[in-house]
Amino acid sequence: MPKLDPNSNDFRAAGHRLIDWVADYLDGVDRYPVLAQVKPGDVAVQLPAAPSGEGRPYDALLADFESKIVPGVTHWNHPAFFAYFSITGSQAGILAELLIAALNTNGMLWRTSPALTELETVTLRWLRDALGLPGDLWGIINDTASINSFLALAAAREALGLDIRGLGMSGRDVPPLRVYCSEHAHSSIDKAALALGFGARGIVHVPSDEQFRMRPDALQAAIARDRAEGALPCAVVATTGTTSIASVDPVRAIGEIAKREKIWLHVDSAYAGPSTVCPEFRWLWDGIEHADSIVVNPHKWFFTPIDCSVLYTRKPEVLRQTFSLVAEYLKTTDTAEINYMDYGLQLGRRFRALKLWYVMEHYGLERLRAVIRDHVRYAERLARELSARPGVEMMTQSLSVVVFRLTAGDEATMALMERMNASGRLFVSHTRLRDRYGIRVAIGNGATEWEHVARVLSFL
Ligand code: PLP
């Protein structure tokens with residue numbers, strides 16, 4: 001019987017070529033348009049109706065990859081990628097991904113890869129300490145912040161003590177549940193609440209102040225109103241570094257309300273959390289001792305390739321109570337403390353800790369800090385220079401995010417964004433603040449230099 005891979009000869013040769021390809025790609029990524037300049041269907045139409053029957057050599061695949069796939073790629077690893085939040089790969093992260101695929105290990109139980117479980121535990125302690133987070137936080141890696149916030153809100157729901165795990169939510173005495181977040185919270189919070197049965201009516205978008213931060217007085221009023229109407233407040237989500245503008249909700253004031261009201265406080269710091277590796281940004285954590293759970297994305301601003309999102313909680317036992325379900329075939333006599341499958345939805349788990357470990361260990365915290373500091377400096381400089389341009393109105397700048405508009409109005413602003421993105425020289429996205437469109441420049445790629453950021457100014 002033929003084996004799938006008879007030997008490693010082709011693999012070795014193709015692998016060496018691929019590493020060269022990747023190195024050339026990273027060195028020369030500027031020759032590609034940042035935003036793919038293709039129309040819907042352009043990629044699909046080039047692909048055959050069915051895969052190869054006999055198989056094709058790696059060289060032929062690489063040729064197709066270059067000619068058919070790469071033109072349809074938006075280059076998130078480009079230093080002039082300023083849209084959304086960059087998910088910056090790094091050379092260390094790319095190498096780790098190769099090892100992760102080589103081992104192809106699945107960390108559902110400790111015994112299915114002790115190194116995966118233990119490295120995850122250790123790197124998350126390192127990360128927690130490096131970010132100046134409290135020492136009683138326990139962490140787990142999942143793919144995205146969206147999933148981690150879902151897990152946190154599921155735990156919050158279980159923590160109500162209504163035995164929702166046992167009895168479900170319908171046909172019984174569960175009042176309408178409420179989750180509170182600011183009007184600038186990420187849509188993943190709403191999605192999680194919808195999936196957990198809170199219903200769209202159960203999601204309360206609390207108004208924010210002039211700096212786009214959740215207003216604690218408005219939160220308190222919303223909770224009081226809901227209680228008076230017979231609803232049951234379950235959780236509040238504070239965002240430190242909102243998606244549109246990187247505004248920072250006042251965690252301390254929100255946390256004090258959460259404590260008083262006995263509701264779960266989840267802090268979404270998916271984007272900005274990693275910046276707290278620099279002590280000067282730790283003000284973001286003011287009041288974090290009140291948080292029941294926190295999400296931080298190394299795949300957003302910590303140079304770890306997507307996917308790597310960390311959920312910290314000081315109540316892992318609630319997460320476990322919510323999700324642990326050990327089928328017969330998964331029972332073991334191991335004395336290990338953690339089987340990570342007990343703390344979430346997923347059974348199979350990738351070895352994501354390996355890339356986080358590679359990134360932290362290869363670059364070292366000082367280098368990571370220096371790059372993050374540069375990003376914030378570039379954002380501040382861009383904001384200064386934009387403010388000095390006639391016809392430009394600065395809307396906000398916070399951390400590494402800058403939002404501006406043209407005084408000529410929404411149409412002109414959006415047309416400018418289209419022009420920028422069509423040039424291929426940079427990629428920016430937009431947001432809407434106080435009923436006006438703004439162009440959003442979010443800096444976060446490990447290779448970004450001022451020259452890349454200055455491209456924004458060259459369009460004005
Ligand atoms: N939270 C915030 C504040 C975000 O900005 C984002 C994405 O940009 C998310 C959550 C969702 O992140 P993910 O793509 O990891 O689910």
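Atoms within a ligand are numbered from 1 in the order they appear, just like the ligands themselves.
- By the side chain to side chain contact (heavy atoms under 4.5 Å, CB included) test, E261 is found to be paired with Q220, I223, R227, I257, I263, residues two or more places apart in sequence or in another chain being considered.
- In this pair, F212 and H184 present their aromatic rings perpendicular. The plane angle is above 60°, beyond the 30 to 60° band.
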Measure from every N or O atom of ligand 1 to the protein's N or O atoms and keep only the pairs below 3.5 Å, writing each with atom names and distance to 0.1 Å.
residue: ligand 1; atom: 1 (N); partner: D268; partner atom: OD1; Å: 3.1
residue: ligand 1; atom: 1 (N); partner: D268; partner atom: OD2; Å: 2.6
residue: ligand 1; atom: 5 (O); partner: T243; partner atom: OG1; Å: 2.8
residue: ligand 1; atom: 8 (O); partner: K300; partner atom: NZ; Å: 3.3
residue: ligand 1; atom: 12 (O); partner: K300; partner atom: NZ; Å: 3.3
residue: ligand 1; atom: 15 (O); partner: A145; partner atom: N; Å: 2.8
residue: ligand 1; atom: 15 (O); partner: N297; partner atom: ND2; Å: 2.9
residue: ligand 1; atom: 15 (O); partner: H299; partner atom: NE2; Å: 3.3
residue: ligand 1; atom: 16 (O); partner: A145; partner atom: N; Å: 3.4
residue: ligand 1; atom: 16 (O); partner: S146; partner atom: N; Å: 2.9
residue: ligand 1; atom: 16 (O); partner: S146; partner atom: OG; Å: 2.5

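- Partner of V237 under the side-chain contact (heavy atoms from CB on, under 4.5 Å) criterion, out of L265, V267, L153: L153 alone.
- For Y343, the side-chain hydrogen bond (donor to acceptor under 3.5 Å, both in side chains) partners two or more places apart in sequence, or in a different chain, are R320.
- A salt bridge between R432 and D410 is present, with a side-chain N of the basic residue lying under 4.0 Å from a carboxylate O of the acidic one.
- A ring pair (Phe, Tyr, Trp, His ring centres under 6.0 Å) check over residues 242-282, counting only residues at least two apart or in different chains, returns the pairs F85-Y271, Y271-W301.
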